[in-house]
2 protein chains.
Amino acid sequence: MQDSAQDSPEAIAALPVGKAAGARQNRSVRIVQRSLARAEPVFAQAGLAGATMASLAAATGLPRANLHYHFGTKENLYAQVLENILALWLDASDSIHPGAEPGTAFRAYIAAKLSYSRDRPFASKVFANEILHGAVHLRSYLGLELRRKVDEKAAVIEGWIAQGKMDRVDPRHLLFLLWAMTQTYADFDSQIAAVLGVPALGAEQFAAGQALIVQLVLRGCGIDPPSPKER
Amino acid sequence: MQDSAQDSPEAIAALPVGKAAGARQNRSVRIVQRSLARAEPVFAQAGLAGATMASLAAATGLPRANLHYHFGTKENLYAQVLENILALWLDASDSIHPGAEPGTAFRAYIAAKLSYSRDRPFASKVFANEILHGAVHLRSYLGLELRRKVDEKAAVIEGWIAQGKMDRVDPRHLLFLLWAMTQTYADFDSQIAAVLGVPALGAEQFAAGQALIVQLVLRGCGIDPPSPKER
DNA sequence: AAATAACTTGACCGAGCAGTCAGGTTTGGT
DNA sequence: ACCAAACCTGACTGCTCGGTCAAGTTATTT
């Protein structure tokens, strides 16, 4: 490890490499992928500092030394877990594109983000934990890729506003609030479950949350008309 | 520490106690209070596991052994920091009471929560971090005090709905979303700042966030009329 | 089937950790 | 002035941690 200049993603992926990189790599790749998936809950529940190599080894089913062989350091393992999650986050906003109607686009986006919260709660928590602690491991991601993505989506929303399809709102803050509302069902599930008096969040709670988020956003932005109730 | 049956809040506060509990206690109390305030940022940035007694000692200006004298264990110190924050959280919802109009009540609540996010970001982060990791240190608080508070506020909102002052929504989920939207400006400030390209969140960002949250909630719940723009 | 690279592992190591303690100092009561 | 009790602290301790390593085993190429 003293000879490696820097731990760039390439260098990490290339840790066990020789000249004959054939089918044997696949085995390693599979083990690495499985380990990353199994390490996710550990980092989610304990954080980077709280997760020990012993607990990670137990979760992955590999001996500690073997984890070090594949990933080098705990930080590297953590960085790769984090990297796996980022792709997910960037993809979620696909439904927000110029050709779409704002109503269907936001509905789809909210549904997609809530699906992640339901199906990959640990990924969401690892991400939330990282940002909570200052996002030191993904400063560049936030300032570059995510920022570009947000600029792109903000432009789409600006377009809808210009076309009179929705009220004038700050598109970036709208995205921040969408993230907050959808991720709260993953990140703060223990709080929501405790307050509701249920052991864990189920389909009902997600459905109720989704309905309310959609209502607040679509009516709040003047996309849907107000309730047919009165007036 | 072996003689103490359990670390109840009383037992913790009573750590350094004799028969003559007079004015000398005050000095200790002041030191403890100041230490709790200074420990907050450390726990916020590093989490419970990541915060070391050495870093806490440096932050409080006390020697490590002295911290142990006043608080016993790191967990006890953390628990007291957490407890200090809970009162804040319960008080924030004062504006939501039966006599109020929903519009002014929600406006005031959003303003109050965002004030906490701006002025006590570390408190918010410690709380968020605790819940993110399963809320093991405040299960009872969530299930009892907070749950009661939420039941109480939910009843108020139900009342407003019954009076036709706002649309029918799930009041509990509305509170969850209010928490999520207001706390995101404290807990995920590094993400928001990075995406916006600013070094740190300022008054502008909080104002923009507040305006949008108010708009989404009041129009989304049918309290405010839709924009006077078109239609 | 021999050679070689990839992979695995138990045992080991030094650093840093939370917590302890004996002995000193300050403080408030009398 | 004297005495406890409260408070303070440097030095110490046992342990857990991340990381290393040499000696294995397994798989693939030729």
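Chain letters run A, B, ... following the sequence lines, proteins first, then strands; residues in each count from 1. Just so you know, these numbers use all the heavy atoms, side chains as well, and skip hydrogens, waters and symmetry mates. Predicted model only: the values in this text are computed from it and were never measured.
For B:Y69, a side-chain nitrogen or oxygen approaches OP1 or OP2 of D:dC7 to under 4.0 Å. Here B:H70 reaches the OP1 or OP2 of D:dC8: one of its side-chain N or O atoms lies under 4.0 Å away.
Side-chain proximity of B:H68 to D:dT20, C:dT20, C:dC7: nearest is C:dT20. In the set C:dA18, C:dT9, D:dT9, the nucleotide with an atom closest to the side chain of A:N66 is C:dT9. Distance from the side chain of A:M53 is smallest for D:dG18 among the nucleotides C:dG10, D:dC12, D:dG18. Checking C:dG10, C:dC17, D:dG10 against the side-chain heavy atoms of B:T52 singles out C:dC17 as nearest. Comparing atom distances between the A:R64 side chain and each of D:dG19, C:dA6, D:dC21 picks out D:dG19 as nearest.
A cation-pi arrangement, defined by a distance under 6.0 Å to the six-membered ring centre and an angle within 45 degrees of its axis, is present between B:K113 and B:W89.
Rounded to whole angstrom, the span from the CZ atom of B:F71 across to the P atom of D:dC7 amounts to 12 Å. Here the C1' atom of nucleotide C:dC7 and the CG atom of A:L67 are 13 Å apart, to the nearest Å. Protein atom CG of A:N76 is 14 Å distant from nucleotide atom P of D:dG18, rounded to whole Å. Between the OH atom of A:Y78 and the P atom of D:dC17 there is a distance of 19 Å, given to the nearest Å. Rounded to a whole Å, the CG atom of B:L56 is 11 Å from the P atom of C:dG19.
Contact annotation for A:A51: backbone-only contact, meaning every heavy-atom pair under 4.0 Å involves sugar-phosphate atoms and none involves a base. Residue-level contact check: B:L62 touches neither bases nor backbone, having no heavy atom under 4.0 Å from any strand.
The 5' end of DNA chain C is approached more closely, in terms of each residue's nearest nucleotide, by A:I31 than by the other of B:K74 and A:I31. Closest-nucleotide positions on DNA chain D for B:P63 and A:A54 were compared, and the one nearer the 5' end corresponds to B:P63.
At a cut-off of 3.5 Å, with distance as the only test, no side-chain donor of B:Y141 or B:E83 sits close to an acceptor on the other residue.
Here CD of B:Q205 is found 11.0 Å from CG of B:D189. Values are rounded to the nearest 0.5 Å. Remark: A:L67 CG to A:I31 CD1 distance equals 10.5 Å, nearest 0.5 Å.
A salt bridge is defined here as a Lys NZ or Arg NE, NH1 or NH2 lying under 4.0 Å from an Asp or Glu carboxylate O, and B:R120 with B:E40 meets this definition.
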